[in-house]
Amino acid sequence: MKAIYPGSFDPPTNGHLDLIERGSKIFDELVVAILRNPEKSPLFSLADRRKMLEAMTSDFENVTIDTFDGLTVDYALKVEARAILRGIRAVSDYEYELQMALMNRKLQPGLETVFMMPADKYSYLSSRLVREVAQLGGSIDCLVPELVAQKLREKIDMAHKFEKGERLAANTPSEGKGKSRSRIKKA
Ligand code: PNS
């Protein structure tokens, strides 16, 4: 059976990788599908996220990476997948995931959503927290693969250089971390 694993993956984490590995063991084919969402302004470009996921999953022969826009169910139909894989970390995920699964079933009754739990050591892990911890200088070791950590460091360095350049140009003192975070998002 072919399944898709849709998400934002901004950035992909070890929790995502754990789920991909589990999914690759129960499905014949698994397509990790990155949502192209023009309304969100992600930290990483679609191309960057695709490259990171491709590198992270290169050992899994039945896993491919793709991007999509529009409805997840339409994409699933297009690639002839019969299931949508989603991860549930804690009870707090459940309500949102249930709502989404039921809506997807209403839209496309033939498509099943399959929930899997990542290893408990990743149950607190989210892309949002990884971004925040990295931007505030905390350690993200063991939360993301080394290549993602490296990309995050590059983004943060770039944002700091950009902010320093702006300060020098304006000849104004540092405005603190809050300001630098907003720059990081745009870098
Ligand atoms: O990683 P995320 O951000 O939790 O993934 C959410 C995602 C991409 C699975 C969800 O937003 C989605 O399916 N978006 C595509 C648009 C869509 O189908 N919306 C209706 C969902 S019921």
Side-chain angles (χ1 to χ4, degrees), residues 1-24 26-27 29-57 60 63-119 121-135 140 143-145 147-149 151-152 155 184-185:
M1 188 190 287
K2 184 173 186 175
I4 61 166
Y5 176 30
S8 307
F9 306 104
D10 185 34
T13 67
N14 283 341
H16 292 128
L17 187 57
D18 180 274
L19 214 75
I20 292 168
E21 184 171 1
R22 288 171 199 280
S24 75
I26 63 163
F27 295 111
E29 278 180 74
L30 182 65
V31 183
V32 179
I34 314 165
L35 176 67
R36 197 181 314 136
N37 187 348
E39 279 158 34
K40 274 195 185 177
S41 48
L43 178 59
F44 286 102
S45 69
L46 205 58
D48 275 348
R49 283 177 278 160
R50 186 181 191 136
K51 271 191 222 143
M52 288 188 276
L53 280 163
E54 275 168 356
M56 286 162 63
T57 59
F60 304 118
V63 174
T64 51
I65 313 298
D66 197 7
T67 60
F68 76 104
D69 51 20
L71 286 174
T72 295
V73 292
D74 288 344
Y75 173 75
L77 235 55
K78 193 181 101 184
V79 297
E80 297 178 341
R82 299 221 353 247
I84 299 173
L85 173 65
R86 290 287 292 171
I88 291 202
R89 293 161 297 190
V91 179
S92 49
D93 283 340
Y94 181 72
E95 208 172 325
Y96 169 64
E97 293 296 335
L98 178 73
Q99 215 179 357
M100 226 168 29
L102 293 177
M103 178 59 82
N104 283 334
R105 182 187 282 166
K106 166 120 188 72
L107 293 168
Q108 201 50 250
L111 206 57
E112 287 299 338
T113 298
V114 175
F115 293 120
M116 293 183 87
M117 279 88 66
K121 63 181 171 184
Y122 301 130
S123 60
Y124 61 94
L125 188 52
S126 72
S127 297
R128 185 182 63 77
L129 281 183
V130 166
R131 288 197 302 270
E132 191 169 315
V133 170
Q135 286 166 359
I140 47 164
L143 304 183
V144 293
L147 86 148
V148 176
K151 282 266 180 204
L152 271 164
K155 279 255 173 233
I184 289 166
K185 194 80 179 131

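Each ligand, and each atom within it, is numbered from 1 in the order the structure gives.
Ser126 places a side-chain heavy atom less than 4.5 Å from the side chain of Arg89.
A salt bridge is absent between Lys78 and Asp74; no separation between the charged side-chain nitrogens and carboxylate oxygens falls under 4.0 Å.
Residue, atom and distance of the protein heavy atom nearest to atom 17 (C) of ligand 1 are Leu71 CD2, 3.7 Å. For atom 4 (O) of ligand 1, the closest heavy atom belonging to the protein is Arg86 NH2, 3.0 Å. At the shortest separation from atom 21 (C) of ligand 1 among protein heavy atoms lies Met100 CG, 3.7 Å.
For ligand 1, the atoms lying closer than 4.0 Å to a non-hydrogen atom of Thr72 are 12 (C), 13 (O), 14 (N), 15 (C), 17 (C), 18 (O). Atom numbering of ligand 1 starts at 1 in the shown order; those under 4.0 Å from a heavy atom of Gly70 are 15 (C), 16 (C). Taking every non-hydrogen atom of Met103 and a distance limit under 4.0 Å, the qualifying atoms of ligand 1 come out as 22 (S). Heavy-atom contacts of Leu35 reach the following atoms of ligand 1: 8 (C), 14 (N), 15 (C) (cutoff under 4.0 Å).
A distance of 14.0 Å separates CG in Leu43 from CZ in Arg128, rounded to the nearest 0.5 Å. The distance from the CG atom of Leu30 to the CD1 atom of Ile20 is 7.0 Å, given to the nearest 0.5 Å.
Open room surrounds CZ on Arg82; 12 or fewer heavy atoms of other groups in view lie less than 6.0 Å from it.
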Distance-only donor-acceptor pairs under 3.5 Å for side chains of residues 63-72, two or more places apart:
residue : atom : partner : partner atom : Å
Asp66   : OD2  : Tyr75   : OH           : 2.7
Thr67   : OG1  : Arg36   : NH2          : 3.0
Asp69   : OD2  : Arg36   : NH1          : 2.9

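Not a single heavy atom of Gln99 sits under 4.0 Å from any atom of ligand 1.
Considering backbone and side-chain atoms together, Ser8 places an N or O closer than 3.5 Å to an N or O of ligand 1.
Looking at Met116, Arg86, Met117 one by one, the single match for side chain to side chain contact (heavy atoms under 4.5 Å, CB included) with Leu19 turns out to be Met116.
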